[in-house]
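See structure below.
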Amino acid sequence: MHNYIQIAIDGPGSAGKSTLAKGAAAKLAETIDCVYVDTGALYRAVGLYMTRRGIDCADAPAVEKALPDVSVTLRHGVGGQIVLLCGEDVTGLIRTPEISSAASKVSAVPAVRAFLLDTQRSIADSVSVVMDGRDIGTVILPDADVKVFLTATAEQRAKRRYKELIEKGQTVDYETVYSDLVARDRADETRAAAPLRAAEDAIPFDNSEIGIEEGIDWLIDRVKERCPEKLAALKREDA
Ligand code: DC
């Protein structure tokens, strides 16, 4: 039994996990201490480390050999999550198509998954979390209070990712974004180590046609339904 509230949001890339998770964490944080944890950022940071050192991210033995020199930490503040790679703030550097692909490759290496497991669990041991990823409900937090498996059509997701990248000033075309996304889905679903799949007790949620606020309210209702005692026990005095 864990003392804090654990909410696991899994699903394919660009299904809207971070928007839902971030929004729900912010709403919960009005009354309890709660943070949003983007676990993809951990894999992205490892991918960035390997890329910078010229290590082929698909070369599992080489990636594993370099791992002892890697340190990845997440900090949670008012501005959101900060990702530190060997002490350097790489939050803004890990959101490129190149690092998306590197992250997908290193995430298939079992040693990388084992390496990042404690980082993820120890956060959930110290504060209530809304954690998004691919294996949160199945591997990282198997006893999470609420598990959601979020989906949306590949077209909807590619449109979302394309818009995000354009807004960041990157030069990309929609077809490439779409095919990269489908390729990454396939890699995430078919890898041997913790493949992307819904936990048996996850609630499936199709995010294609749902508004942001509506999705967040739906999730908060599930939390109220599943853990009213914890919500009451964890309530801050000032809330
Ligand atoms: O969510 P994202 O796009 O930032 O994730 C980057 C890559 O990391 C993605 O290809 C899948 C992988 N990942 C994973 O395997 N397990 C997680 N919990 C989170 C991300």
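For ligands, and for the atoms within them, numbers begin at 1 and follow the listed sequence.
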Next on the checklist: For Arg134, is there an ion pair with Glu189 - N to carboxylate O distance below 4.0 angstrom?
Outcome noted: no
Checklist entry - Does the pair Lys105 and Asp56 meet the rule for a salt bridge (Lys or Arg N to Asp or Glu O under 4.0 Å), with working shown? => result CA-CA 9 Å; Lys105 288 178 188 149; Asp56 175 3; 5.6 Å; no
Checklist entry - With a 4.5 Å heavy-atom cut-off, do Trp218 and Ile216 have their side chains touching? => result no
Checklist entry - Considering only the protein, which heavy-atom contact is closest to atom 8 (O) of ligand 1, and what is its distance? => result Tyr43 CB, 3.6 Å
Next on the checklist: Could you check whether Asp145 pairs with Lys230 (Lys NZ or Arg NE/NH1/NH2 to Asp/Glu carboxylate O, under 4.0 Å)?
Outcome noted: yes
Checklist entry - Is Arg191 touching ligand 1 with its side chain, its backbone, both, or neither, if touching means heavy atoms under 4.0 Å apart? => result side chain
Checklist entry - Should Asp38 and Lys22 count as an ion pair when the cut-off is N to O under 4.0 Å? => result no
Next on the checklist: Under 4.0 Å between a side-chain nitrogen and a carboxylate oxygen: does that hold for Asp180 and Arg161?
Outcome noted: no
Checklist outcome for this item: Residue, atom and distance of the protein heavy atom nearest atom 16 (N) of ligand 1 read Arg113 NH2, 3.0 Å
Item to check | Carboxylate-amine/guanidinium proximity below 4.0 Å for Asp33 and Arg236 | outcome: yes
Checklist entry - Quick check: does any side chain N or O of Arg44 sit under 3.5 Å from a backbone N or O of Ile94, one acting as donor and the other as acceptor? => result yes
Item to check | Protein heavy atom at shortest distance from atom 1 (O) of ligand 1 | outcome: Arg134 NH1, 2.9 Å
Next on the checklist: Closer than 4.0 angstrom, basic N to acidic O: yes or no for Glu164 and Arg160?
Outcome noted: no
Next on the checklist: Check this for me - ligand 1, Thr39, N or O atoms closer than 3.5 angstrom, yes or no?
Outcome noted: yes
Item to check | Identity and distance of the protein heavy atom lying nearest atom 10 (O) of ligand 1 | outcome: Arg184 NH1, 2.9 Å
Item to check | Ligand-residue contact atoms, ligand 1 with Ala103, heavy atoms, under 4.0 Å | outcome: 6 (C), 7 (C)
Item to check | N or O contact, Ser100 vs ligand 1, cut-off under 3.5 Å | outcome: no
Item to check | Ligand-side contact atoms (ligand 1) for residue partner Ser104, heavy atom cut-off under 4.0 Å | outcome: 10 (O)
Item to check | Polar atom proximity, Asp135 to ligand 1 (N or O, under 3.5 Å) | outcome: yes
Checklist entry - Closest non-hydrogen protein atom to atom 3 (O) of ligand 1, residue and atom name please, with distance? => result Arg44 NH2, 3.0 Å
Checklist entry - Are Leu117 and Val83 connected in a single hydrophobic cluster, I mean Ile/Leu/Val/Met/Phe/Trp/Tyr linked by side-chain heavy atoms less than 4.5 Å apart? => result yes
Item to check | Proximal ligand 1 atoms for Ser107, defined as those under 4.0 Å from one of its heavy atoms | outcome: 12 (C), 15 (O)
Item to check | Heteroatom distance test (Asp132, ligand 1): nitrogen or oxygen, under 3.5 angstrom | outcome: no
Next on the checklist: Under 4.0 Å from a heavy atom of Gly40: which atoms of ligand 1 are those, numbered in the order shown and with their elements?
Outcome noted: 4 (O), 5 (O), 19 (C), 20 (C)
Next on the checklist: Test your reading of the structure: does Asp188 have an N or O sitting under 3.5 Å from an N or O of ligand 1?
Outcome noted: yes
